[in-house]
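All values derive from a computational prediction rather than experimental measurement.
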Amino acid sequence: LFYGQFDGDIGASDKGQLDQFTGASWDMNYDGWLSLRAAYFQADLSLQLSSLDPLLGALNQFGLSNTGRLIDANEDPASFKNFGFEIDRGSWLLVGEWTQTRAKNTVLPINDNVYIAAAYRAGAFTPYINWGKRDADAKLDILGSVPRQHPLYSTIAGAVASQALDDTYTGLGLRWD
């Protein structure tokens, strides 16, 4: 269990702040071969993203400050959830994890990530295979706050749509110790 805050740089010119940052994590090991973990964190999220500053300024100039509030992260509730496992049976290894991030009242979508990996240890060599997926649906409902004929509509639609993710990856490799 923990309680705290964060206020600092999150990129070359971006800043982030987490207030009322609370959470809990749990790890369990069974008989040396099974590990389970779970975590839940929440905070009031504020972001100062230089890439959004021009758009937020234009929205205020055009009288769309409400749309700006729907895009901007300013003391908005955010959370992170995580479940993971590792099964290590000597030669065989299986690892997986699921995470979800959520930030309400912002352009940031609910983001789900999952991966699973399997490996076989054979002396100094470990062949492995993995699969993962990242998924986030853009918050297109934000566009309902802007008339389609508005000069900023396509810019706002682009900013909102850019938050969508639908990536799947697979890998096959060989580790050598």
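Residue pairs that meet the salt bridge (charged side-chain N to carboxylate O under 4.0 Å, His left out) test with at least one member in residues 4-23, sequence neighbours left out, are D9-K15. Among residue pairs with one or both ends in residues 161-177, those qualifying as side-chain hydrogen bond (donor to acceptor under 3.5 Å, both in side chains) are K133-D166, R134-D167, R175-D177; sequence neighbours excluded. The stretch residues 38-70 participates, sequence neighbours left out, in these ring-ring contact (aromatic ring centres under 6.0 Å, His included) pairs: F2-F41, F41-F80, F62-H150. Listed by first then second residue, pairs satisfying salt bridge (charged side-chain N to carboxylate O under 4.0 Å, His left out) with a partner in residues 21-31 number zero, not counting sequence neighbours. Pairs passing the salt bridge (charged side-chain N to carboxylate O under 4.0 Å, His left out) check and including a residue from residues 144-165, sequence neighbours excluded, do not occur. Screening residues 54-73 for salt bridge (charged side-chain N to carboxylate O under 4.0 Å, His left out) gives no qualifying pairs among residues at least two apart or on separate chains.
No continuous path of hydrophobic side-chain contacts links V160 to I110 [ILVMFWY only; heavy atoms under 4.5 Å]. Residues L152 and L56 fall within the same hydrophobic cluster, defined by Ile, Leu, Val, Met, Phe, Trp and Tyr side chains chained together at heavy-atom separations under 4.5 Å. Note: the hydrophobic cluster containing I142 also contains L49 (ILVMFWY, side chain heavy atoms under 4.5 Å, direct or indirect links). L36 is connected to Y30 through a chain of hydrophobic side-chain contacts under 4.5 Å among Ile, Leu, Val, Met, Phe, Trp and Tyr, so both are in one cluster. Residues L34 and V95 do not share a hydrophobic cluster, clusters being chains of Ile/Leu/Val/Met/Phe/Trp/Tyr side chains in contact below 4.5 Å.
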Please lay out, stage by stage, how F83 and V114 fare under the test side-chain contact (heavy atoms from CB on, under 4.5 Å). CA-CA 10 Å; F83 296 100; V114 64; over 6 Å; no
Go through it in stages, so that I can follow the logic: the residues are N82 and T99, the test is side-chain hydrogen bond (donor to acceptor under 3.5 Å, both in side chains), and I'd like the CA-CA distance, side-chain angles, deciding distance and then a yes or no. CA-CA 4 Å; N82 165 269; T99 64; 5.8 Å; no
Apply side-chain contact (heavy atoms from CB on, under 4.5 Å) to Q42 and T22, showing your working. CA-CA 6 Å; Q42 66 182 26; T22 59; 3.3 Å; yes
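Expressed to the nearest 0.5 Å, how far OH of Y153 lies from CG of L143 amounts to 4.0 Å. Here the CG-CG distance, from D76 to N74, works out to 6.5 Å after rounding to the nearest 0.5 Å. Taking CZ from F21 and CD from Q5, the interatomic distance works out to 11.0 Å, rounded to the nearest 0.5 Å. Within the model, atoms CD of E75 and CG of N105 stand 12.0 Å from one another, a figure rounded to the nearest 0.5 Å. Note: I71 CD1 to L59 CG = 5.5 Å, rounded to the nearest 0.5 Å. Rounding to the nearest 0.5 angstrom, the gap separating the CG atom in L18 from the CG atom in L45 is 6.0 Å.
The backbone N or O of A58 lies less than 3.5 Å from no partner atom in the side chain of N60, so there is not a single donor-acceptor pair. In this structure, the side chain of S35 does not engage the main chain of N29 through any donor-acceptor pair within 3.5 Å. No donor-acceptor pair under 3.5 Å is formed between the side chain of N111 and the backbone N or O of A136.
The shortest side-chain heavy-atom distance between T106 and L47 does not fall under the 4.5 Å cut-off.
Partners of W26 by ring pair (Phe, Tyr, Trp, His ring centres under 6.0 Å), not counting sequence neighbours: none found. When the salt bridge (Lys or Arg N to Asp or Glu O under 4.0 Å) test is applied to D88, the partners found at least two apart in sequence or on another chain are R121. Applying the ring pair (Phe, Tyr, Trp, His ring centres under 6.0 Å) rule to Y120 yields the partners W92; only residues at least two apart in sequence or on another chain are considered. Contacts of R102 classified as salt bridge (Lys or Arg N to Asp or Glu O under 4.0 Å), with partners at least two apart in sequence or in another chain: none.
The heavy-atom pair separating V107 from A159 by the smallest distance is CG2-O, 4.2 Å. Contact record, S50 with S13: OG-OG, 2.9 Å, taken as the closest heavy-atom pair.
Of the candidates T155, N66, L64, V146 forms a side chain to side chain contact (heavy atoms under 4.5 Å, CB included) with just one, namely L64.
Chaining together hydrophobic side chains whose heavy atoms lie under 4.5 Å apart places L172 alongside I129. With a 4.5 Å cut-off between side-chain heavy atoms of Ile, Leu, Val, Met, Phe, Trp and Tyr, the cluster of Y128 takes in none.
More than 12 heavy-atom neighbours from other residues, nucleotides or ligands sit within 6.0 angstrom of CG on L174.
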